[in-house]
Amino acid sequence: MRLASLLARMLDPAEREAVLGDLVECAVPPGRACRELLGLVARRQAAIWAASWKDRRLWLAVTLVFPAVHLLDRTALNSWLIQNYKYFDPGLLAQKGLSIHRAMGEMVCGWALISACVVLATAGRRKASF
Amino acid sequence: MLGEFEYLLLTAAARLGDSAYGAAIREEIEAATGKACSIGALYTTLDRLEAKGLVQTWTGEATPQRGGRAKRMVRVSAKGAEEASAFYNAVMRVSRGVSWSVT
């Protein structure tokens, strides 16, 4: 029953009391008690995931995070390329579809977008503090 | 329309009346169906019924045979009785004239 008590810690305190009490009262064997508790915990977790799946904020975050990660990745690559441009053969870079002008253009666009996002994110907070 | 297990739970709670709580409902369902009733199914269905306004639950007193732990008491609401009655009537209507004798 010790393992069952440990598993029951994943439930809300009020529900934990009722569930453990029911298991004791019904004299459920420890092995079956653990299986039943795992089943209840899994159902509770599934309900939480199902609820968050319907939440629009999750989808908004997913649709914003992937382009943002790609943008940051390209910006970092371009910054590194510009810094180390003198060590590379321009012909070789051109073969790979890379050039200093393109890298600079992309980097400027990237930083402009990142700066705009930071300004927009902080603007709301400043208004709220007035 | 209620689900089969929801109907079983409502009926067991109604039969038990003031002494309806988790373990008692579970035993009632197991005795009626002859099948095991898991705690997970019982408690998630209770939550669903409560969210629909078909039952009310509250924390009851603790007893020594439960290791001093509190009970989750259950009461069927008027809406719950209505829904259970509608389910029962539908089953009775659809079963009219049907014989389930196994040959």
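Below, each value reflects all heavy atoms present in this structure, side chains not excepted, and no hydrogens, waters or symmetry copies. In the text below, chain A, chain B and the rest are named by the order of the sequence lines, each starting its count at 1.
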A.B. asks: Give the cluster check for L20(A) versus M73(B): same hydrophobic cluster or not, with ILVMFWY residues linked at side-chain heavy-atom distances below 4.5 Å.
C.D. replies: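 No, no single cluster joins them.
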A.B. asks: With a sphere of 6.0 Å drawn around CH2 of W58(B), does it hold more than 12 non-hydrogen atoms of other residues, nucleotides or ligands?
C.D. replies: yes
A.B. asks: Could you measure the distance from the CZ atom of R43(A) to the CG atom of D47(B)? Nearest 0.5 Å is fine.
C.D. replies: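 If we round to the nearest 0.5 Å, R43(A):CZ and D47(B):CG are 11.0 Å apart.
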A.B. asks: State which residue, out of R66(B), K71(B), R26(B), fulfils the salt bridge (Lys or Arg N to Asp or Glu O under 4.0 Å) condition with D22(A).
C.D. replies: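 Among R66(B), K71(B), R26(B), the one that satisfies the salt bridge (Lys or Arg N to Asp or Glu O under 4.0 Å) with D22(A) is R66(B).
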A.B. asks: Decide if atom CG of D18(B) counts as having more than 12 heavy atoms of other residues, nucleotides or ligands within a radius under 6.0 Å.
C.D. replies: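 No, not enclosed.
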A.B. asks: Quick check on E27(B) against chain A: is it the side chain, the backbone, both or neither that has a heavy atom closer than 4.5 Å?
C.D. replies: side chain
A.B. asks: Sort A41(B) into side chain, backbone, both or neither according to what part of it lies under 4.5 angstrom from a heavy atom of chain A.
C.D. replies: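 Contact with chain A involves both backbone and side-chain atoms of A41(B).
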A.B. asks: Around atom CE of M1(B), are there more than 12 heavy atoms of other residues, nucleotides or ligands at under 6.0 Å?
C.D. replies: yes
A.B. asks: When rounded to the nearest 0.5 angstrom, what distance separates CZ in R35(A) from CD1 in I39(B)?
C.D. replies: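 Going from CZ on R35(A) over to CD1 on I39(B), the span is 13.5 Å.
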A.B. asks: Is R32(A) in contact with chain B via its backbone, its side chain, both, or neither, using a 4.5 Å heavy-atom distance?
C.D. replies: side chain
A.B. asks: Which residues pass the side-chain hydrogen bond (donor to acceptor under 3.5 Å, both in side chains) test with K52(B), not counting sequence neighbours?
C.D. replies: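 Result, side-chain hydrogen bond (donor to acceptor under 3.5 Å, both in side chains) vs K52(B): E6(B).
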A.B. asks: Determine whether L10(B) and L46(B) fall in the same hydrophobic cluster, where Ile, Leu, Val, Met, Phe, Trp and Tyr are linked whenever their side-chain heavy atoms lie under 4.5 Å apart.
C.D. replies: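 Result: yes, single cluster for both.
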A.B. asks: Could you give the distance from CD (E25(A)) to CD (Q65(B)), rounded to the nearest 0.5 Å?
C.D. replies: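 Spacing of CD (E25(A)) from CD (Q65(B)) equals 5.0 Å.
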A.B. asks: Nearest 0.5 Å please: distance from the CZ atom of R72(B) over to the CD atom of E17(A).
C.D. replies: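 Here the rounded value is 13.5 Å.
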